[in-house]
2 protein chains.
Amino acid sequence: MTSKYYQQFKHTYLAVDCVTFCFTGEDLEIILIKRDFEPGYGEWALPGIFLEPDESLEECTQRIMKRFTGLENVFFEQFHIFSDPKRDPGDRIVTVGFYALIKVDNNVKKKVSEHKAYWYKLSRMPKLMFDHNQIVDRALESLRQKVKQQPVGFELLPKKFTIPQLQKLYEAIYSRSFDKRNFRKKVLSLKVLEQLAEKDKESSKKGAFLYRFDKKKYLALQKKGYNFEI
Amino acid sequence: MTSKYYQQFKHTYLAVDCVTFCFTGEDLEIILIKRDFEPGYGEWALPGIFLEPDESLEECTQRIMKRFTGLENVFFEQFHIFSDPKRDPGDRIVTVGFYALIKVDNNVKKKVSEHKAYWYKLSRMPKLMFDHNQIVDRALESLRQKVKQQPVGFELLPKKFTIPQLQKLYEAIYSRSFDKRNFRKKVLSLKVLEQLAEKDKESSKKGAFLYRFDKKKYLALQKKGYNFEI
DNA sequence: GCAAAAGTGTTCGGGCTACACCCATGA
DNA sequence: TCATGGGTGTAGCCCGAACACTTTTGC
């Protein structure tokens, strides 16, 4: 079945490494695992697996997510391929960098701990295996870019969230603070948030109104060219 | 030398396909070749080759450029990986999409014709082999994105160029027209163009002043966050 | 009553948009 | 002298940035 012409060429090991972002309410964190085989045994690494012959890279990424967090239909995006022939001392491995955005719940926590995996704050990344620190840096850069063009931040928040929560998320993504009046004005001006009657009283006595992301309105907005520069 | 753990996994064919943009003064064009082997024999396709075991994808892209245009040190960028297991009927090939920006001269023309390759206007793309039309679409989308963040347009122009030329390039990239007063104001406001004493008289009787791109000033600008939205 | 977070309006300046006419020159 | 493309200025508007006080309520 393989084309004759193709047979003269060599194959390559192709892997996916996934930077799995989640939001604690205060910080952006990613999942790291303790590598349990050589090379790199005992070092911190991104969850990753090899591509199977009959799956696309996107299916492969879903497989990583399923294995390490139990989640399906996660939002993710490929952002860069790392192909330095010497990047992995064990062999020539080309790896595709994906980032995923997840909401953490107890099921996820359980699954993650089964894999001896841990969350680490982006602001306190340890030294990672091989070129994984670069992969993380690049993932964050791509996420920052993405956030300006699509309201992907909602992937990291519960279905109902408050505006101060949303602002803290954006502050975590950009590592800077925003003026709360301007922030609120800007997100509401996009008209993709629906205010609910309920309030969230977890973080203040007064309580903050909950909002829901309105996908229909967003799709209409996207046609006109979404823009969310803060 | 291969890590023992890795040996249980399968390899994949990994290729690079390159969308090679150039600018005629009026239109954006890319290089296409007539495929001369199966599968896809006789169809229009992007220039592409398989990754060799000891090279990075970036080196592989330079090799494509060298082979098809004779050029070295070309500006290029990876933009997406295409990994649908069925995208190539000859076998399972994962391909990395790169785009390159080149200036065409007579040497390039000669080299390109040796490969039975041709230039095609983006606005008149023929039906391409496999998923190559999608690859081209995505390359253009990425180029449009890139142009807002870096002055890569200069890679497509001769060293000395006029502002009307630059405007035509941006119009070709975005498939829309700009007001010439506003365009000039905007590019000059970035202060990365150096006006020369000479004029170009090719396209008008009055002649248009030539400008040169000032890399030093650009690097200073980049630190502050380059932005070129038109 | 006080601490702690939520919520709200206004002013200013810079940049984008839209728009019309004169200039230089070769033919 | 005329046709062709190069070059210039201004006014209005919108948006982003900066900034301080009131509200609610649990303790």
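Every value quoted in this text rests on a predicted model; they were computed, and no experiment measured them.
- Contact between the side-chain N/O atoms of B/K180 and the OP1/OP2 oxygens of D/dG7 is not found at any separation under 4.0 Å.
- Looking at heavy-atom distances under 4.0 Å, B/K201 makes contact with sugar-phosphate atoms alone, never a base.
- Counted by atom type alone, B/D200 and B/T162 present zero donor-acceptor pairs between their side chains at under 3.5 Å.
- Taking atom CG of B/N182 as the reference point, atom P of D/dG9 lies 14 Å away to the nearest angstrom.
- Of the candidates D/dG26, C/dA18, D/dT8, the closest approach to any side-chain atom of B/R181 belongs to D/dT8.
- Annotation: cation-pi pair A/K34/A/W44 present, NZ/CZ under 6.0 Å from the ring centroid and within 45° of its normal.
- To the nearest angstrom, P of D/dG7 lies 11 Å from CD of B/Q165.
- D/dC15 atom P lies 18 Å from atom CZ of A/F183, rounded to whole Å.
- We find that NZ of B/K185 is positioned 8 Å from C1' of D/dG9, with the value rounded to whole Å.
- Looking at A/F213 and A/L157, their side chains never come closer than 4.5 Å, going by heavy atoms from C-beta outward.
- Rounded to an integer number of Å, the gap from B/E202 CD to C/dA24 C1' is 18 Å.
- The base of C/dT25 lies outside donor-acceptor range of the side chain of B/K199, with no N or O pair under 3.5 Å.
- Of the candidate nucleotides D/dT23, C/dT8, C/dG9, D/dT23 has the atom nearest to the side chain of A/K206.
- The side chain of B/R184 lies closest to D/dG6 when the candidates are D/dG9, D/dG6, C/dG9.
- When rounded to the nearest whole Å, the span between NZ of B/K186 and C1' of C/dG15 equals 8 Å.
- In the set C/dA6, D/dG5, D/dA3, the nucleotide with an atom closest to the side chain of B/S204 is D/dG5.
- Between the side chain of A/K205 and the base of D/dT23, no donor-acceptor pair under 3.5 Å is found.
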Under the salt bridge (Lys or Arg N to Asp or Glu O under 4.0 Å) rule, what do A/E171 and A/R176 come out as? Steps first, then yes or no, please. CA-CA 5 Å; A/E171 290 178 337; A/R176 53 166 289 212; over 6 Å; no

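- Considering only heavy atoms from C-beta on, A/P47 stays 4.5 Å or farther from A/D17 through its side chain.
- Distance A/D179 CG to C/dG7 C1': 12 Å, rounded to the nearest Å.
- For the pair B/L190 CG and C/dC16 C1', the interatomic distance rounds to 14 Å; values are reported in whole Å.
- In the set D/dG5, C/dA5, D/dG7, the nucleotide with an atom closest to the side chain of B/P164 is D/dG7.
- Side-chain proximity of B/F209 to the nucleotides D/dT25, C/dT25, D/dG7 is greatest for D/dG7.
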